[in-house]
2 protein chains.
Amino acid sequence: MSDKKISTAVIKRLPRYYRYLGELLENDIVRISSNELSQRMGVTASQIRQDLNNFGGFGQQGYGYNVNHLYKEIAKILGLENHYSVIIIGSGNLGQALANYTDFEKRGFVVKGLFDVNPRLVGISVRGMDVQDMDQLKDFVVENNIDIAILTVPKTKAPAIANDLCEWGIRGIWNFAPVDLQISNFDVVVENVHLSESLMTLSYRIKDSY
Amino acid sequence: MSDKKISTAVIKRLPRYYRYLGELLENDIVRISSNELSQRMGVTASQIRQDLNNFGGFGQQGYGYNVNHLYKEIAKILGLENHYSVIIIGSGNLGQALANYTDFEKRGFVVKGLFDVNPRLVGISVRGMDVQDMDQLKDFVVENNIDIAILTVPKTKAPAIANDLCEWGIRGIWNFAPVDLQISNFDVVVENVHLSESLMTLSYRIKDSY
DNA sequence: TAGATTGTTAATCGATTAACAATC
DNA sequence: TAGATTGTTAATCGATTAACAATC
């Protein structure tokens, strides 16, 4: 646990810095100043320096930041040098789509299993794995030390499953169900992807731009 | 275009209010005070009242808010009484998953067509629609007055497609590609869903909770 | 009417930006 | 060394919370 509290605003900007640095790296750019990065990203240089200095002094006066070094440091901050064992609960369209998203594996998130209640889905092969029945879930989570569960189940099912997962020692839940999971275990982290809400925000802004 | 500027923080909270009100409605709850809603949602009553009063006085002193009325008002604010014609560009796993997500249609977002460059996908049927080749895109967008494009294509392809869409009169882009689209047309709204970034945020918080 | 609760103003808090001394 | 650019403090801005008069 880090000592000083980092605001979520800062944390949510880190992956974007990481993405831009990755692109710079692909273009063989060795160093970058906060000022140049700020122009590319459309944020202030001040904000970049403030954000980074929450975690350490990664730059050098008169020079800027070494792209490769900063890229790796942000990976460390984000925990991307770790290896996470992931399961997908709910193997419908979205679950399968996420299972097939190879980018996640590159970042250390390895899908170890898929689950569903639907007998039509149980047994089908997704990315080389057979979808398992939900009654296999507990044993699988415990035996394989699963770190992260991706929840792509209906909103009615999600809360009970989430509670079970917490008891079975999961570390994080990536929740795609349109509910706010009430997790009493402080060691379990929930990150929500509420697609409907994102779409409504788009709708608001379209409407507003008339 | 509304007169006073509403902050994005407020806008992003509206769909969550909408979701909670929908649940209250399902449970036949007729009225609710900002105080009770605040406890259910885990926000302050002050914030709820402030947020809502950006758009009008929907409550009544001594009574609170009529759930049904407020629900409908928020739908109006979010533009959910409108009917949007939607296309999906990129008909891989994620595109198909989104096409099959019936909840969107309930909210007025009607998928009118799917597109892909991949000859293996062109012609397959997704939710009763044949995936079309990308060379059909322009005519389809123009002839069908498409409002919203869902972009589930690789990041290398997204910017050029987005530019074309703007020229062809699209109103909004729901972008799932991990790039920041640079749109010069101020009438076109972009909403990003950066799944990798969401997952990295989860990773950060898992790491941090050790 | 009395009680409850909103709408709204004022106070506080936190996040962003600006400025500049430190230093490479 | 001189120039550039960071790290960091101080100033500003905006968002959240508290308080309360208005009013149903």
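In what follows, chains are A, B, ... by sequence order, proteins preceding strands, each numbered from 1.
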Charged N-O contact under 4.0 Å between [X] and [Y]:
X	Y	answer
B:Asp51	B:Arg13	yes
A:Glu197	B:Arg16	no
B:Arg127	B:Glu105	yes

Let me know the distance between [atom1] of [X] and [atom2] of [N], rounded to the nearest Å.
X	N	atom1	atom2	answer
A:Asn35	D:dG3	CG	C1'	15 Å
A:Leu52	D:dT8	CG	P	12 Å
A:Glu36	D:dT5	CD	P	9 Å
B:Asp51	D:dA15	CG	P	11 Å
A:Ile48	D:dT6	CD1	C1'	12 Å
A:Lys12	C:dT16	NZ	P	11 Å
B:Asn53	C:dT5	CG	P	16 Å
B:Arg31	C:dA4	CZ	P	11 Å

**Item:** Opposite nucleotide pairing with D:dA15, Watson-Crick or G-U, both atom distances under 3.5 Å
**Value:**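 Checking every strand shown, D:dA15 finds its partner in C:dT12, with both distances under 3.5 Å.
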**Strand partner of D:dC20, provided both Watson-Crick or wobble distances fall under 3.5 Å** =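 Paired with D:dC20, as far as the under-3.5 Å criterion goes, is C:dG7.
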**Prompt:** With sequence neighbours left out, which residue pairs that include part of residues 22-47 of chain B fulfil the ring-ring contact (aromatic ring centres under 6.0 Å, His included) condition?
**Reply:**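 Non-adjacent pairs meeting ring-ring contact (aromatic ring centres under 6.0 Å, His included): zero.
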**Asked** So, is A:Thr44 close to the C:dT16 phosphate, meaning a side-chain N or O under 4.0 Å from OP1 or OP2?
**Response**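 False: A:Thr44 side-chain N/O out of range (4.0 Å or more) of C:dT16 OP1/OP2.
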**Item:** Distance test, side-chain N/O of B:Ser34 to OP1/OP2 of C:dT5, below 4.0 Å
**Value:**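 No, because none of the side-chain N or O atoms of B:Ser34 sits under 4.0 Å from OP1 or OP2 of C:dT5.
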N/O-N/O pairs, protein side and nucleotides 22-24 of chain D side, under 3.5 Å:
from, atom 1, to, atom 2, distance (Å)
D:dT23, O4', B:Gln61, NE2, 3.4
D:dC24, O3', B:Gln60, OE1, 3.4
D:dC24, O3', B:Gln60, NE2, 3.3
D:dC24, O2, B:Gln61, O, 3.2

**Request:** Please work out whether the ring planes of A:Phe55 and B:Tyr204 are parallel, tilted or perpendicular, with thresholds of 30° and 60°.
**Result:**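 Taking B:Tyr204 first and then A:Phe55, their aromatic rings stand perpendicular (interplane angle over 60°).
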**Distance-only donor-acceptor check, side chains A:Thr201 and B:Glu191, under 3.5 Å** =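 Note: A:Thr201 and B:Glu191 side chains miss the donor-acceptor criterion.
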Output field: ring centroids [X]/[Y] closer than 6.0 Å:
X	Y	result
B:Phe140	B:Phe115	yes
B:Tyr84	B:Trp174	no
A:Tyr20	A:Tyr17	no

**Prompt:** Hey, is the main chain of A:Glu23 close enough, under 3.5 Å, to the side chain of A:Asn27 for a donor-acceptor pair?
**Reply:**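 It does hold such a pair.
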Nucleotide nearest [X] (side chain, heavy atoms from C-beta), chosen from [options]:
X	options	value
A:Arg13	D:dT5, C:dT6, C:dT16	C:dT16
A:Ser33	D:dT16, D:dG7, D:dT5	D:dT5
A:Arg49	C:dT16, D:dT6, C:dT5	D:dT6

Would you tabulate the pairs of protein nitrogen or oxygen atoms and nucleotide nitrogen or oxygen atoms of nucleotides 9-14 of chain C closer than 3.5 angstrom?
from, atom 1, to, atom 2, distance (Å)
C:dT9, O4, B:Gln50, NE2, 2.8

